[in-house]
There are 2 protein chains.
Amino acid sequence: MGAMRRAHHPATEELSLPEVMAALSDPLRIGLVRLLADGAERGWGELRAPVAKSTLSHHLRVLRDAGVTRTRQEGTRCFVVLRRRDLEDRFPGLVEALLGAADAEDVGGGVHLASDAGSTAACR
Amino acid sequence: MGAMRRAHHPATEELSLPEVMAALSDPLRIGLVRLLADGAERGWGELRAPVAKSTLSHHLRVLRDAGVTRTRQEGTRCFVVLRRRDLEDRFPGLVEALLGAADAEDVGGGVHLASDAGSTAACR
DNA sequence: TTCGTTGTTCGTCGAATATCGAACAAGCTG
DNA sequence: CAGCTTGTTCGATATTCGACGAACAACGAA
């Protein structure tokens, strides 16, 4: 793939509150964070969103540049994980509050895993 | 003044998480929210920020439209107050987390009250 | 009524953002 | 090596955003 040259990944101390807030102000990106909320590392290929792959790549980059997620590359594919610990250290309670609110109104519901049946209606 | 026609003020149930997050992703607006964090209603004239008044008006509008603040008009001047209760109802913990993080790194420190000596160095 | 005060709105600019399709690059696979 | 898969990057748009100064509107005061 495109090398993902210099994946950047800001250090914990470098996280910027406005930047993180901005990264978390897009429904699609909130949806991605919700998917990653369980702490599991997800493969790019598992992610399904109603946008072109280049657009999804862009959003994942915004999250990564802001320090919200960490991307790892393994062979041809890459994996994403939420940097929950780092975020909690710098902005205590922020992610939890966001996730609570986002779940309550299903923000970013268009984003789901490949294994999911139909987004909201997971079971049955 | 410019009438402030149809101040809009979304109802509590209408608050949008992405919109609120976006409103809170600007350093200057975060600074304003920090000023209003004590729950006190502030007059427009008390607010000091390193931008033109039209720009400040714009930011206050963004906050109001997103439902973060409420603006009241009294005669010639208007007053602003943080809609903390409403925000807490819809997005529990969000404002508190934001304020905690913002205070920790003095985000939006350029915004202060007219009575403040020099922003950070309040006393002496 | 004529000012002065106080904010809002307008027009404009440059920068940033969201999106897409196409081209590209880096690893596997055959 | 040739080809496939998987993402990234590159334009190209269209939209939005932040900022400013100037014009405007509403109210109180002289």
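Basis for what follows: all heavy atoms, side chains included, without hydrogens, waters or symmetry-related copies. A note on names: the letters A, B, ... follow the listed sequences, proteins ahead of strands, and every chain is numbered from 1.
When only modelled atom types and interatomic distance are considered, B:Arg48 and B:His112 share no side-chain donor-acceptor pair under 3.5 Å.
When each of B:Arg84, B:Arg72, B:Arg77 is checked for a salt bridge (charged side-chain N to carboxylate O under 4.0 Å, His left out) with B:Glu41, only B:Arg72 meets the rule.
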When you check every protein heavy atom under 4.0 Å of nucleotides 12-22 of chain D, what one-letter string (B, S, -) results, 5' to 3'?
------SSBBB
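Distance check, rounded to the nearest 0.5 Å: CG of A:Leu35 to CD of A:Glu46 gives 9.0 Å. Of the inter-residue distances, the one linking B:Leu98 atom CG with A:Met21 atom CE reads 5.0 Å to the nearest 0.5 angstrom. Interatomic distance, CG of B:Asp89 versus CZ of B:Arg83, reported as 10.5 Å (0.5 Å rounding). Between B:Leu15 atom CG and A:Glu105 atom CD the span is 8.5 Å, to the nearest 0.5 Å. To the nearest 0.5 Å, atom OG1 of residue B:Thr69 and atom CZ of residue B:Arg29 are 11.0 Å apart.
Rounded to an integer number of Å, the gap from A:Leu56 CG to C:dT19 C1' is 12 Å. Between the CZ atom of B:Arg72 and the C1' atom of D:dC27 there is a distance of 15 Å, rounded to whole Å. Residue A:Glu74 contributes atom CD, which lies 15 Å from atom C1' of D:dG7 at whole-angstrom precision. Across the protein-nucleic acid pair, B:Arg64 atom CZ and C:dT9 atom C1' stand 12 Å apart, rounded to whole Å. Per the geometry, CG belonging to B:Leu47 stands 13 Å off C1' belonging to C:dT6, to the nearest Å. As rounded to whole Å, 17 Å separates atom C1' of C:dT17 from atom CD of B:Glu19. Between B:His8 atom NE2 and C:dT9 atom P there is a gap of 13 Å when expressed in whole angstrom units. B:Leu60 places its CG atom 13 Å from the C1' atom of C:dT6, with the value rounded to the nearest Å.
Not one N or O on the side chain of B:His9 forms a donor-acceptor pair closer than 3.5 Å with the backbone of B:Arg70. The main-chain N or O of A:Thr12 is found under 3.5 Å from a side-chain atom of A:Arg90 such that the two form a donor-acceptor pair.
Remark on the helix from C:dT1-D:dA30 to C:dG30-D:dC1: inter-end axis angle 10°, axes from five-pair C1' superpositions, rounded to 10°.
Distances were taken from every side-chain heavy atom of B:Cys78 (C-beta onward) to each of C:dC28, D:dT9, C:dT8; the shortest belongs to C:dT8. Residue A:Arg77 has its side chain nearest to D:dG7 when only D:dG28, C:dT8, D:dG7 are considered.
Note on B:Trp44: every side-chain N or O is 4.0 Å or more away from OP1 and OP2 of C:dT5.
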